[in-house]
Number of protein chains: 2
Amino acid sequence: MNQAASTGDKLILAAIDLIAEQGYDGTTTKEIAAAAGVSEVTLFRHFGSKQSLLVAAFERYHYAGEMTKLFNERLTWDVRTDLLLIGRTYHAIMNRNRKLLAIAQKGGSRLPEEVHKHASQHPVQLKKLLTNYFSTLHEQGKIAPIDPEITAMSFMWMNLGAFSSNLLESSNSDVTLDTFIEQSVDLFARALAP
Amino acid sequence: MNQAASTGDKLILAAIDLIAEQGYDGTTTKEIAAAAGVSEVTLFRHFGSKQSLLVAAFERYHYAGEMTKLFNERLTWDVRTDLLLIGRTYHAIMNRNRKLLAIAQKGGSRLPEEVHKHASQHPVQLKKLLTNYFSTLHEQGKIAPIDPEITAMSFMWMNLGAFSSNLLESSNSDVTLDTFIEQSVDLFARALAP
DNA sequence: TGCTTTTGTAAGTACTTACTTACATTTTAT
DNA sequence: ATAAAATGTAAGTAAGTACTTACAAAAGCA
């Protein structure tokens, strides 16, 4: 079943782990090769350069299609239910891409541009989807007439802040992430009640 | 009036600018010295090492006392008024410390620990202050019985997300920061209404 | 003016790092 | 078994970088 990872994959995974922790400039090709359990020459034989290795990592492991699919297929038009699903999905996606996002955030002097392009797609798209969602809810008379764009930004940024914060210090408090999502959705549902 | 900046200050300011943009590892002492308009040796004569220079930068320009002072002296116990003031002050502080925060966020292989200590003080403190505030409001019967800690985290993280997002791409949309603060405070005030 | 402090220039050291080359060894496929 | 492909070892190159040393120029102060 679980066939051994290929040399290329081992290198990509090691690169993601190390660069996410130490930054692009702070991680050497020798370290990456050692962590992957291969020699440094093998790294260059496979990817040619440190930059191409990182680009390959992003192309292989960065995906963002779930949100659009969710908005097209799984909405119930009940505020509480939908926001809960959106919030949970948001954190699931972000968490899965956590390391790649950390890499983009930290930057680096010779860090390839592809990295930033990949990382900046999410928020723009989500804001549009959420704004449309709140607009429609208002047209349906299900929520009070509050600016849909502001509402979308508030919800999005609240979850981005929660995510960034948990990223840094996981043992921040005794409130678990899921409790926070549930309760904050409640808060929004109250605010939007017609 | 505006007496010329000392050599040490010129170096500190140049270091903050460059390292915030390029990261610690990605910025050379030669660059910093050139940006400050002095020679590289002068940098080492003043600070001894690249690390000490950064530590000096944090000690000189990182301050966080305003929030505590605000909570002790300027609260009116009207939700809308207070949250507006808190939100605005939060962004003012974060914005002033924007570059230092970016430095801490990006990290670096030899980046001194002091940097992280300085940067992690804000949020913990603010959460406590806000949680106490909402607890007291509830005791005064001015808001509905919603978990004060969750409310505090929601408000804090919403503003953190807004700040981080504006940090990355300033021309994000046509909603200005101040409009966002006002409207999001409205949203919270609605949610908390008894 | 003379003395001290600060700064610049020039050169260099010691170390790291991305990347290369040449050759021997192992693994895989047929 | 044998050829081909993938990997390891060893050594090295070229460039960058934090930091040092020695000496001369300049600026401030007595």
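Here is how names work: the chains are called A, B, and so on, in the same order as the sequence lines, proteins then strands, and each is numbered from 1.
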*Assign B/Gly8 to base, sugar-phosphate, or nothing according to its heavy-atom contacts below 4.0 angstrom with the strands shown.*
nothing

*Mutual orientation of the aromatic rings belonging to A/Phe71 and A/Tyr133 [parallel < 30°, tilted 30-60°, perpendicular > 60°]*: perpendicular

*asked:* If I take atom CD in residue A/Glu40 and atom P in nucleotide C/dC19, what distance separates them, rounded to the nearest angstrom?
replied: 9 Å

_Assess the residue pair A/Glu114 and A/Phe58 against the criterion (side chain to side chain contact (heavy atoms under 4.5 Å, CB included)); give the C-alpha distance rounded to whole Å, side-chain angles, the decisive distance to 0.1 Å, and a yes or no._
CA-CA 8 Å; A/Glu114 279 95 328; A/Phe58 269 77; over 6 Å; no

*What residues in residues 23-33 of chain A put a non-hydrogen atom under 4.0 Å from any atom of DNA chain C?*
A/Thr27, A/Thr28, A/Thr29

*asked:* Is it the case that over 12 heavy atoms from other parts of the model lie below 6.0 angstrom from the CZ atom of B/Arg110?
replied: no

*asked:* On a heavy-atom basis, which atom in B/Gln22 and which in B/Lys106 lie closest, and how many Å separate them?
replied: N-NZ, 4.2 Å

*side chain to side chain contact (heavy atoms under 4.5 Å, CB included) evaluation trace for A/Val79 with A/Phe188*: CA-CA 9 Å; A/Val79 190; A/Phe188 267 77; over 6 Å; no

*What is the distance from CZ of A/Arg45 to P of C/dA22, rounded to the nearest Å?*
13 Å

_What range of DNA chain D does chain A touch, first nucleotide to last, counting atoms under 4.0 Å from its heavy atoms?_
D/dT7 to D/dA10

*asked:* Quick test of your reading: applying ring pair (Phe, Tyr, Trp, His ring centres under 6.0 Å), list the pairs with at least one residue in residues 5-33 of chain B, sequence neighbours left out, ordered by first then second residue.
replied: none

_Counting neighbours of CD on B/Glu113 that are heavy atoms of other residues, nucleotides or ligands and sit closer than 6.0 Å, is the number greater than 12?_
no

*Select base, sugar-phosphate, or nothing to describe what B/Val38 touches, counting heavy atoms under 4.0 Å on all strands.*
sugar-phosphate

_Spacing between A/Phe44 atom CZ and C/dA22 atom C1', to the nearest angstrom_ = 17 Å

*Same hydrophobic cluster for A/Val55 and A/Phe47, using side-chain heavy-atom links shorter than 4.5 Å among ILVMFWY?*
no

*asked:* I want to check one thing: is the phosphate of C/dT7, taken as OP1 and OP2, less than 4.0 Å away from some side-chain N or O of B/His46?
replied: yes

*Name the nucleic acid region contacted by B/Thr42, choosing base, sugar-phosphate or nothing; use a 4.0 angstrom heavy-atom cut-off, strictly under.*
sugar-phosphate

*asked:* Looking only at side-chain N and O atoms, does B/Thr29 offer a donor or acceptor that is under 3.5 Å from a partner on B/Glu40?
replied: yes

*Starting at atom CG of A/Leu43, determine the distance to atom P of C/dT17, rounded to an integer number of angstrom.*
14 Å

